[in-house]
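The chain is numbered in sequence order, starting from 1. Atoms within a ligand are numbered from 1 in the order they appear, just like the ligands themselves.
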Amino acid sequence: MEAQKVLQALYTFYDEFTTNLPVACGLGCATCCSVNVSVTSLEVRFLRQHPALAKQPLQDAITAAQDRPYFSPSFTTNELAKACLNRRQPPEEIGIHASGQCPFLGKDGLCQVYANRPFSCRAMLSTCRCTQDGEAVMAPFIYTVNLAMYQMIEHLDKKGTSGNMLDFWAEKSSPLPNRAIPGFLVPPEEKSRFRGIKTALRKFPVNSGSLEDFFPADIFR
Ligand code: SF4
């Protein structure tokens, strides 16, 4: 349960970070709610606790979605980060994004598991309405912070696995073991701005301590 508390602290940190950002996404805006959601096993454990999952129609929607194509990642975020930090060729993504709505999306266009949704859903923040402008647009610094959050969530679940959310629901074993965080992947031009994020992350409260108690000290230097 402790890892789930830390996960929720990371979600809260991100909510606070994004509160005042100029974001166009709003209620009922669900273009990004597809079958291609990647998650960690820790996030699935938290997601499964949402009471809406006890409802049969939602279970039926999940079963139906499992029979259609969907994207499964070929490598984890920390695997990619390690290759980049060691100046090795990053692994090649061979998974293919498929069409189709997330089974957790209600007919009213609202997420039925919103409070427990995984980070991949929280990270989709566009500065324009993708329904009008064709595609989402995200500021480069948001990508950097998102990547850091993905890395920390994977580290928190380093004995677990990553994959498509639907794979976990079918209780298929995921082929992707999670990795420890090898350091943050931050472009040189954003290092100075990212220092403030590292400091805020390090001090962010969890239980009677802070996030720094759960991660290697050198990632915050
Ligand atoms: S879990 Fe919720 S927010 Fe995430 S893709 Fe599905 S419907 Fe959208």
Can I get a per-line list of side-chain donor-acceptor pairs under 3.5 Å for residues 10-17, giving both atom names and the distance, sequence neighbours left out?
{"from": "Tyr11", "atom 1": "OH", "to": "Glu43", "atom 2": "OE2", "distance (Å)": "3.0"}
{"from": "Thr12", "atom 1": "OG1", "to": "Gln8", "atom 2": "O", "distance (Å)": "2.8"}
{"from": "Tyr14", "atom 1": "OH", "to": "Asn146", "atom 2": "OD1", "distance (Å)": "2.4"}

Considering only distance and modelled atom types, tabulate donor-acceptor pairs under 3.5 Å from the side chains of residues 25-34, sequence neighbours left out.
{"from": "Ser34", "atom 1": "OG", "to": "Asn36", "atom 2": "N", "distance (Å)": "3.0"}
{"from": "Ser34", "atom 1": "OG", "to": "Asn36", "atom 2": "ND2", "distance (Å)": "3.3"}

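Around atom 8 (Fe) of ligand 1, the protein N, O or S atoms closer than 2.8 Å are Cys33 SG, listed by chain and residue number.
Listed by first and then second residue, the salt bridge (charged side-chain N to carboxylate O under 4.0 Å, His left out) pairs that reach into residues 183-210 are Arg202-Glu212, sequence neighbours excluded.
Atom CD of Gln56 is surrounded by more than 12 heavy atoms from other residues, nucleotides or ligands within 6.0 Å.
For Arg122 and Phe119, the positive end is not near the middle of the six-membered ring at less than 6.0 Å and at most 45° from its axis.
For the side chain to side chain donor-acceptor pair (under 3.5 Å) with Ser74, the qualifying choice from Glu79, Glu92, Glu93 is Glu93, the only one to do so.
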